[in-house]
*Asks:* 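Handing you a structure now.
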Amino acid sequence: MATDTDMVNKESLFDTLMATIGEPVFVTGHDGVIVRVSKMFDVATGFPAFKLVGQPVERLGDIAGQPFVASLVREALSAGGVRKGPMILQGHAAPWELTVEPVIENGRATGCVAILRPFVTGSHEQREGFDDLTGLPNRHLFVDRVEQTLHDAQRGNKLALIMLAGVDRFREVNDVLGEAAGNQILRDVTERLRPCVRTSDTLARLGGDQFAFVMQIAALDDSVLLTEKVLHALKQPFSLEDQKDVVITCSVGASIYPADGSSPEELIKNATVALYHAKQGGRDRCQFFSSEMNMRARHRLDVESSIRRALINREFLVYYQPKIDVNNRRVAGMEALVRWRDPERGLISPGEFIPVAEESGLIEQIGQWVLEETCAQNYRWQADGLPPVCASVNVSARQFRNRNFVSSVEDILARTGLEPRWLELEITESMLMGDIAAIVARMEDLRRLGVSLSIDDFGTGYSSLSYLSSFPVTTLKIDRAFIADVQSNSQTAEIARAIIGMSRGLNLEIVAEGAEEIEQVDFLREHGCDLVQGFYYSKALPAEEFAAMLRDGLPAL
Ligand code: C2E
Ligand code: MG
Ligand code: MG
C-alpha cells in the first residue's frame, strides 16, 4: 500500500517528467478530466493547455478546435483500448497523430495518456490512414472523422456538412498531360483546399481526384458559403512546367446531417450522388443532395452497364458521312461515326453515350472496334470495285495515349488488308498538350505506317495555327461552330477565311464541318475550301446507303 511519502514523491516525479519530457503528452483521469499536460504539448500545439488541468477533456478539444480529441479520449476510456486519430495543428503543414493509451488497473481504465507525434514520412505504420501523394487523411480515416463529427454534432444539436469535391475532367487531364502532371495538379489542389477548412474540420482525399470535407455547421446557410469557397479556391489557373496555364475547375456534391442521412456511409454516398449531378449539370458547380437524385445516378450506371452489354452483343454500328468536293460534287472521302442500336431504345447517337464511355474507359474498346470495322468495310468496298476513298476515324485521347496504339493500328490494317493511305485518324486539339515530344513521336510513327492525321473540331481548342505546324498532321477540320456563323457574323467569317488561307499556306488539306446551307457552301468554295462535310450534302448514312452513294454519286440537283 502506498504511503504519503510515496505519493508526494510520485506527484513531484510526475511534475518533473511533464516539464522535461520531449514529447507532447497529456494525461487524464478515469473521468476524462485533464490531470497533467507536458510542456512540449503546449509548445507543439501553440496553446496553453496546462491551464486546462482540472477541466474535462472536452474543453481541450474545443480550444484546440478539434472536438474529436475528446471523442478519442472518451472512447479509449470506455472501451479500454488504444485510440488514434490525426490532428492538424496550426502552423504545421503535415498532420500529427494523437495516440490515446488507456491506463488499465484491475481490468478498468483508470485514466489515459495521450501522446502527440508528427507522422514520419516514409514510415508506413505512421502514415497509415494518410494518402501518400497529398499527406491528407485517406478514406478510411475520413469515415472515422465523419463518425466523430456526427457524434459531436448530435450532442451539440448542430448540423454537419459533408462535401465531396471532384476535379473536373481529371481523367482527361491525366490522359492528355500525363500522370506526373496529374499528380502535381492533385498536390496543388490540396494546397488550394487546405485554407478552406478550419482546424476543427477535416479535409481528406478519398482516392483519384476526389477530395472530401466534413465539418460542423450551425445553420444551413453556412453550407452554401463553404461550398462557394471551395469552388472559388480552384478558379485561378494552375501553372505546370513547360505548359501554358491550365484552368482547372471542380464540382462539389454535398450532403447534410441529419437531413440526408445518419451514418457516415449514407452521407458520403449521397454526397457522391450529388457530385455526379454537379458534373452532369455542366461542372464547376455545387449540387446539394436530394432524394430524387438516386434515380438519376442509377440511370448513369444503367448506361454504363448497357454499354458493356452492347459491346458483347454487338449493338454498335458505323455510319458513314461523305466529304464532298464542292467543285465537282464528288465523294472525296468519308468519316466513320459510331451509332448504338439499343434493342429497346432504338438508334442512339454518340453524344449520348460517348461521354459515359470516356468516363468509364469503355471508349477504348468502342474506338478500336470502330477502327477495325471501318477498315474492313472500306477494304470490302474497294474489293467490290467501288471508287476508293479515304475513311476518317475518330480517336479518343485514351486510345491515342495507349502505348500499344500504333501497333494496334498496324495490326488492324494487316488483318483487314486495307492500304494505309485509305485511312485517316482524327484527333482533337486538346490531345496536343502535355509531353509534346512524345506526342509528335507517336504521330510520326503513325505517319510512317502511311496513315493520314487530321485535327478535328479545329478552332474550339487553344492551339494556334503556328503551333500546329510543329505536328505532322495532314488535314484540318474547321469546327462546325464557325461554319454555322459565317453568314451572320462577319468576325466569324473573318476567322474562317484566315484558317482556310493559313492552312493552305501550311499545305494542309482543309475540310469544313457542318455546312447546312447553300450560302455556307458558296462561301467556302469562294474562299478556297474545297472539301465539305455537312448536312447540305448528306447526313451520316448506313453502310449500304453510303455504298450506293459511292457507286452512283450524289443525287442530281
Ligand atoms: P465529330 O467527329 O466532329 O463528327 C461530326 C459530327 O457532326 C457528327 O455527329 C455529324 O453527324 C455532325 N454533323 C455533320 N454535318 C453536320 C451538319 O451539317 N449539321 C449538324 N448539326 N451536324 C453535322 P455525330 O455522329 O453525332 O458524332 C458526334 C461526335 O461523337 C463526333 O464529332 C465525335 O467527336 C464523336 N464520335 C463519333 N463517333 C466516334 C467514334 O467512333 N469514336 C470516338 N472517339 N468519337 C466518336
Ligand atoms: Mg470527327
Ligand atoms: Mg468534328
Side-chain angles (χ1 to χ4, degrees), residues 171-172 175-176 307 310-311 315-324 326 333-341 347-378 390-402 405 408-409 412 423-431 452-461 473 475-487 499 509-521 523-524 531-543 545-546:
R171 180 171 263 157
E172 209 175 297
D175 285 351
V176 169
I307 293 177
L311 275 163
E315 290 165 13
F316 290 107
L317 54 160
V318 182
Y319 273 33
Y320 301 90
Q321 186 179 27
K323 282 183 211 170
I324 303 295
V326 292
M334 42 99 160
E335 177 173 9
L337 295 160
V338 69
R339 299 289 182 265
W340 173 12
R341 191 186 298 286
L347 206 60
I348 305 172
S349 64
E352 271 189 66
F353 63 89
I354 295 269
V356 180
E358 271 170 349
E359 256 176 71
S360 58
L362 290 167
I363 190 66
E364 286 205 59
Q365 287 176 61
I366 299 177
Q368 291 303 98
W369 178 81
V370 172
L371 188 58
E372 176 136 19
E373 171 64 21
T374 304
C375 289
Q377 179 61 272
N378 205 16
C390 187
S392 303
V393 177
N394 293 287
V395 174
S396 78
R398 262 175 171 260
Q399 275 175 286
F400 186 75
R401 284 271 152 184
N402 190 318
F405 182 60
S408 74
V409 173
I412 286 175
L423 175 64
E424 179 176 76
L425 299 174
E426 293 194 359
I427 62 179
T428 56
E429 276 177 281
S430 61
M431 284 151 70
S452 307
L453 293 176
S454 76
I455 305 294
D456 202 358
D457 304 340
F458 185 77
T460 55
V473 295
T475 307
L476 214 60
K477 299 186 81 172
I478 315 178
D479 191 69
R480 100 162 162 262
F482 292 97
I483 309 307
D485 265 12
V486 286
Q487 300 145 277
I499 296 177
E509 184 183 74
I510 180 132
V511 178
E513 294 189 319
E516 295 182 357
E517 313 284 340
I518 177 73
E519 291 82 4
Q520 293 160 350
V521 173
F523 173 94
L524 292 163
L531 296 177
V532 168
Q533 178 185 335
F535 291 174
Y536 174 71
Y537 290 111
S538 171
K539 296 189 176 198
L541 303 170
E545 287 178 39
F546 180 77

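Nothing fancy with the numbering, it's 1 onward along the sequence. Just so you know, ligand 1 is whichever comes first in the structure, and atom 1 is the first atom listed for that ligand. Quick note: numbers below take in every heavy atom, side chains included, and nothing from hydrogens, waters or symmetry partners.
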*Asks:* Quick one: does any side-chain atom of Q533 pair with a main-chain N or O of M334 as donor and acceptor, under 3.5 Å?
*Replies:* no
*Asks:* Are I366 and I307 packed together at the side-chain level, in the sense that at least one heavy-atom pair is separated by less than 4.5 angstrom?
*Replies:* yes
*Asks:* State the CD-NZ distance between E513 and K323, to the nearest 0.5 angstrom.
*Replies:* 9.5 Å
*Asks:* Restricting to N/O/S, name the atom of E335 that gets closest to the Mg ion (ligand 2).
*Replies:* OE2
*Asks:* When the ring planes of W369 and F316 are compared, do they come out parallel, tilted or perpendicular, using 30° and 60° as the limits?
*Replies:* tilted
*Asks:* Hey, is the main chain of E517 close enough, under 3.5 Å, to the side chain of Q520 for a donor-acceptor pair?
*Replies:* yes
*Asks:* Could you pull out every protein residue that has a heavy atom closer than 4.0 Å to ligand 1, ordered by chain and then number?
*Replies:* Q321, E335, L337, V338, R339, P350, I354, I363, V370, N394, S396, E426, D456, D457, R480, E513, G514, A515, E516, Q533, G534, F535
*Asks:* Flag the pair K477 and E424 as a salt bridge only when some basic side-chain nitrogen lies within less than 4.0 angstrom of an acidic carboxylate oxygen.
*Replies:* no
*Asks:* By residue and atom, what protein N/O/S atoms are less than 2.8 Å from the Mg ion (ligand 3)?
*Replies:* D456 OD1, D457 OD1, E513 OE1, E513 OE2
*Asks:* Answer whether the closest heavy-atom distance between the side chains of Q377 and Y320 falls below 4.5 Å.
*Replies:* yes
*Asks:* Determine whether L524 and V486 make a side-chain contact, defined as any pair of heavy atoms from C-beta on separated by less than 4.5 Å.
*Replies:* no
*Asks:* Output yes when a side-chain donor or acceptor of Q399 lies under 3.5 Å from a complementary backbone atom of S396, and no otherwise.
*Replies:* yes
*Asks:* Provide the closest heavy-atom pair for E426 versus D456 in the form atom of the first, atom of the second, distance.
*Replies:* OE1-OD2, 2.9 Å
